[in-house]
Student: 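Right, I'll just put the structure down here and ask away after.
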Amino acid sequence: MNILCFGSLNLDKVYRVHHFVQPGETVSGLSLEEHCGGKGLNQSVAMAKAGGRVWHAGCVGRSDGQPLLQTLENSGVDISLVRRLDHPTGHAIIQVEESGQNCILLYGGANQQITTEQIDETLAQFQAGDLLVLQNEINNLPYLMEAASRKGLTIVLNPSPMDASILALPLEHVSYFLLNEVEARELCGEDRAVEEYPQLLLERFPHSRIVLTLGAKGCIYQDACHRVEQPACKVKAVDTTAAGDTFTGYFLAAVAQDTPIEEALKTATKAAAISVSRHGASPSIPTKAEVEAFSPDSQEN
Ligand code: ADP
């Protein structure tokens, strides 16, 4: 089946600073690095690297969005459904102090300019059974979910970043929830032992499948018929930034190829382990060949 990721495209501008800017103050940045990001972009890149047939839909600025389009294309993602607008590309201004602490100003920009007309035109390219992958970084999600559900698309939701707007979405249409511990707790609205969340979520959304990721502890999958607990691979973690997105991308690409769940979880776990052993977000997402060659006992440096 084909995969449509309708999601965010962000330029991350990372400034190294002696200390964070205080009210009324001007500080000089010591260095600047620009990275392509956004949860939508990261997950599209991961799904395409994993061998999925992936279309990304969303919006970027005409004048500053090219690096994001290039990154998607280089990974094998179809970008014909990304619109170029006279609006700034979504971006994050990230200050990183010498201690490693950061603070982030996020501007949704073009990611918040998705129209219902773009949604209708995009969905017209897909069929019942295709996967629609969503995160919480674009506008008009309720309309998108209702329209996709009417068409019979299989909706996957990664409720990240988690906020109150998630609870107002038509969550009954979601077939797969992929979420971490913090997101699961907020979605359940209850403080429970982490292993209980998949069952609790399933009671609320009985037709869904839950994939709960637990960082270095691995993940739990649960649906109406069975539950699988998959430990993480032991690696030296240096940067966990895109772990969840890598896991999500590899898991969903496998699901789209009708891979059995146990195998899909194992592959996603290996891919995520490689990504945490490397620096960066989308550049840390491994290729399929790297994942196949990875042995869980090996340590990447
Ligand atoms: P998120 O980044 O969305 O919070 P998690 O931290 O739960 O997601 O990580 C997603 C997956 O990445 C985990 O289920 C696990 O497979 C892998 N992972 C995360 N951290 C580590 C780690 N320190 N060592 C090995 N694998 C990890």
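Whatever order the structure lists ligands and atoms in, that order sets their numbers, starting from 1.
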Student: Under 4.0 Å from a heavy atom of Asn180: give me the atoms of ligand 1 that qualify, with their elements.
Tutor: 1 (P), 3 (O), 4 (O)
Student: Step through the shown structure and confirm whether more than 12 heavy atoms of other residues, nucleotides or ligands are within 6.0 Å of CD on Glu172.
Tutor: yes
Student: Can you find an N/O atom of Thr240 closer than 3.5 Å to an N/O atom of ligand 1?
Tutor: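 In this structure, Thr240 places no N or O atom under 3.5 Å from an N or O of ligand 1.
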Student: Taking non-hydrogen atoms only, is Cys233 closer than 4.0 angstrom to ligand 1 via side chain, backbone, both or neither?
Tutor: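 Backbone only; the side chain of Cys233 stays clear of ligand 1.
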Student: Flag yes if more than 12 heavy atoms outside Lys13 fall under 6.0 Å of its NZ atom; otherwise flag no.
Tutor: no
Student: Measure the acute angle between the ring planes of Phe251 and Tyr176, then classify it against the limits of 30° and 60° as parallel, tilted or perpendicular.
Tutor: perpendicular
Student: Looking at non-hydrogen atoms alone, which of Ser160, Ala271, Gly244, Gly215 comes nearest to atom 27 (C) of ligand 1?
Tutor: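 The residue whose heavy atom sits nearest atom 27 (C) of ligand 1 is Gly215.
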Student: Is any NZ, NE, NH1 or NH2 atom of the basic residue among Arg204 and Glu190 found under 4.0 Å from an Asp or Glu carboxylate oxygen of the other?
Tutor: yes
Student: Within ligand 1, which atoms have a heavy atom of Ala237 less than 4.0 Å away?
Tutor: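 This gives 23 (N) as the contact atoms.
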Student: For residues 98-109, run the donor-acceptor check on the side chains, cut-off 3.5 Å, and write out each pair with its distance to 0.1 Å, sequence neighbours left out.
Tutor:
| residue | atom | partner | partner atom | Å |
| --- | --- | --- | --- | --- |
| Glu98 | OE2 | His18 | ND1 | 3.1 |
| Ser99 | OG | Gln101 | N | 3.3 |

Student: Do we see a donor-acceptor contact under 3.5 Å between the side chains of Thr241 and Asp239?
Tutor: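 Side chains of Thr241 and Asp239: pair found under 3.5 Å.
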Student: Using heavy-atom distances, let me know which of Val276, Thr213, Leu265, Thr246 sits nearest atom 7 (O) of ligand 1.
Tutor: Thr213
Student: Where the closest heavy atom to atom 17 (C) of ligand 1 is concerned, which of Ala272, Ala232, Ala242, Ser277 has it?
Tutor: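 The nearest heavy atom belongs to Ala272.
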Student: Pull out every atom of ligand 1 sitting under 4.0 Å from any heavy atom of Ala216, numbered as shown with elements.
Tutor: 20 (N), 21 (C), 22 (C), 23 (N)
Student: Can you list the ligand 1 atoms lying under 4.0 Å from a non-hydrogen atom of Val235?
Tutor: 24 (N), 25 (C)
